[in-house]
Amino acid sequence: MLALENRLVAGRDFNAVYKCGRFFSFENIVLKVAKNGLETTRVGFSVGLKFSPRAVERNQVKRWLREIVKKHLGEMKKGFDVIVMPKKEATFPVRQKLEQNLLSAILRGNLLI
RNA sequence: AAGGUAAAUCGAAUAGUUGCCCUGACAGCAAUGUUGGGGAGGAAAGUCCGGACAUCUACCCGUCACUCACGAGUGACAGGUAAAUUGGUAGCGGGUAACGCCCGUCUGGAGUGAUCCACGAGGUGCGAGCAGAGACGCUUUGAAUAGAAAUGUUCAAAGGUUCCAUGCAAAUGGAAUAAUCUUCGAUAUAAGCUUAGGGUUUACCCUGAGCGAAGUUGAAGGGUGAAACGGCUAAAUCCUUACCUAGAUGCAAGGUCGUGUUCUGUGUUUUACGUAAAUACAGAAAGUGCCGCUCGAGGCUAUUAGUAAUAAUAGUCCCAGAUAAAUAACUAUUUCUGUCUGCCGAUGAGGCAGGCUCGACAGAAUCCGGCUUAUAGAUUUACCUUGAUA
RNA sequence: GGAGAGGUGGCUGAGUGGUCGAAAGCGGCACACUGCUAACGUGUUAACCUUUAACCGGGUUCCAGGGUUCAAAUCCCUGCCUCUCCG
């Protein structure tokens, strides 16, 4: 689990990022990025009912994504709000694949230092 | 030993590292830090029933305060109840806060058996079904139409009992009748089957008590013929009975100290008199903090009552409360599933070693009692059937 | 989280035990009209399986499965899916 200061929590902030953020994607990972004018980077996760109707699978994917983001948070630029959204695929994703794709998406967004 | 039935329990484990949510203690002015404790399920699911709890509606009773023309009225607080329609359940008895749930038992059905079952009030009506030549959605006739035909569809006419009501009448509407017995045959036994007879109803004929001026009047009786005379089945069509439940809405109920935004309305002030600005109050929208919120019809153990469901008593324990939503990730070992290789064995069953892969169904959201549905596998207990041994 | 409504031809949508494979509209196809097209008008048209050279014929199907009934789109139970409302 991420620390509280690195979490995107408020619905207001989410709406702002959805509206004004820039769009990046790699395979089954979608990013929305916007500057927030703060010292830290805040990350939110959006896994909808369309991804999987089962609550267990949605929670599982969210946990994996959180762990991956936590692992690589030090390598990312500061002062951004990011929303991570996985896209539905035919088969349930594997963790290593998810990590590669997320890193590639972050690279496209020029968020790495 | 093999196969089965029922009930119950578990549903990966251990260690290390890195994190998250709630919370106690200590240090600190505070931010925060140190340290201790706890952190998903049997279904958390479906939302199919039942409650608790909360607010609102109506009514009743009580207490207090105020008003009064002494009849009463108004307000506050606390408690209780919920007309009718609708709805549900259904052998009998019990349990429960309550239930459509659970337990016991009776009857019926399935099974060799342990056991299992969404079988269980009554029905004279409506509408159906079985059997039958025939049960009115019928029978007969005619016409039209579809078809090669069998046959079907539509329309019209006629036919076969009684009573009541309305109407001058044609007619319309409603309600019903009620009875079977003996015997021969048949059959595994029987029957709504079959033979004969009696009785009942009805039609015709004969006779003609009575009444009348007059008969198309006709009691009782006799003869001949005819007869749908018998009342089976279901109740998740419908009706009745008994019992139960039922005011409405649901924690997004509801409450509250606040807090800023935006909009609308009203009032006041200022003046550049404009549809401006400031300010106060009220309302609305979206957002947000706290309470409700987890100690409960609670778990565990023991005893007592009871066949049991369950209840009572005593002891003991505190066991998730998140809100873009915690309960996790990684590594190692073990276990488990599948598969591959090698060895033992007989090429089978099985066992040993090693490699790889996967980890049943599934994630709390106010809380409980049930039901239903999903679920790899493991364990325990009791019982049944078959076989073997003693 | 809680409360409710629905699922019927290609689409919309009526049908609450028998006359129903099923009203009506849109759509499709054919005919007619026109020099040609559109509109109007008339007729026709569900899908799948089986059989056939083809038509005809037979069977199954009203979200899925099970039950009640002589008979189910309709009544009862379970599941799946879709939609609406509640701060």
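Any value given below was found using the heavy atoms of this structure, including those in side chains, with hydrogens, waters and symmetry copies removed. All chains are named by letter (A, B, ...) in the order of the sequence lines, taking the proteins before the strands, and each is independently numbered beginning at 1.
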Using purine N1 to pyrimidine N3 plus N6-O4 or O6-N4 for Watson-Crick, or N1-O2 and O6-N3 for G-U wobble, both under 3.5 Å, which nucleotide pairs with B/G267?
-> B/U279
Partners meeting side-chain contact (heavy atoms from CB on, under 4.5 Å) with A/Ser104 (sequence neighbours left out) | A/Phe26
Within a strict 4.5 Å, meaning less than it, do heavy atoms of the A/Val84 and A/Val30 side chains meet?
-> no
Who pairs with B/A364 - Watson-Crick or G-U, where each distance is under 3.5 Å = none
Those residues that, when tested against A/Gln60, pass side chain to side chain donor-acceptor pair (under 3.5 Å) (two or more places apart) = none
Under the salt bridge (Lys or Arg N to Asp or Glu O under 4.0 Å) test, which residues partner A/Lys71, sequence neighbours left out?
-> A/Glu99
Value in whole Å for how far the P atom of B/A325 lies from CZ of A/Arg7 | 6 Å
Using the test salt bridge (Lys or Arg N to Asp or Glu O under 4.0 Å), find all partners of A/Arg42 that sit at least two apart in sequence or belong to another chain.
-> A/Asp13, A/Asp81
Taking only heavy atoms on the protein side, list every residue of residues 57-65 of chain A lying under 4.0 Å from any atom of RNA chain B, sorted numerically.
-> A/Asn59, A/Gln60, A/Arg63
Would you call B/G122 syn or anti, using the 90° rule around 0?
-> anti
Rounded off to whole Å, could you give me the CZ-to-C1' distance for the A/Arg66 and B/U18 pair?
-> 16 Å
In whole angstrom, give me the gap between the C1' atoms of B/C101 and B/A297.
-> 15 Å
Complement of B/A44, any strand, by Watson-Crick or G-U distances under 3.5 angstrom | none
Across all chains, not counting sequence neighbours, the side-chain contact (heavy atoms from CB on, under 4.5 Å) partners of A/Ala34 are A/Val17
Could you measure between the two C1' atoms, the one in B/G283 and the one in B/U271, and give it in whole Å?
-> 30 Å
Specify the separation, in whole Å, of atom CD1 of A/Ile68 and atom P of B/U18.
-> 21 Å
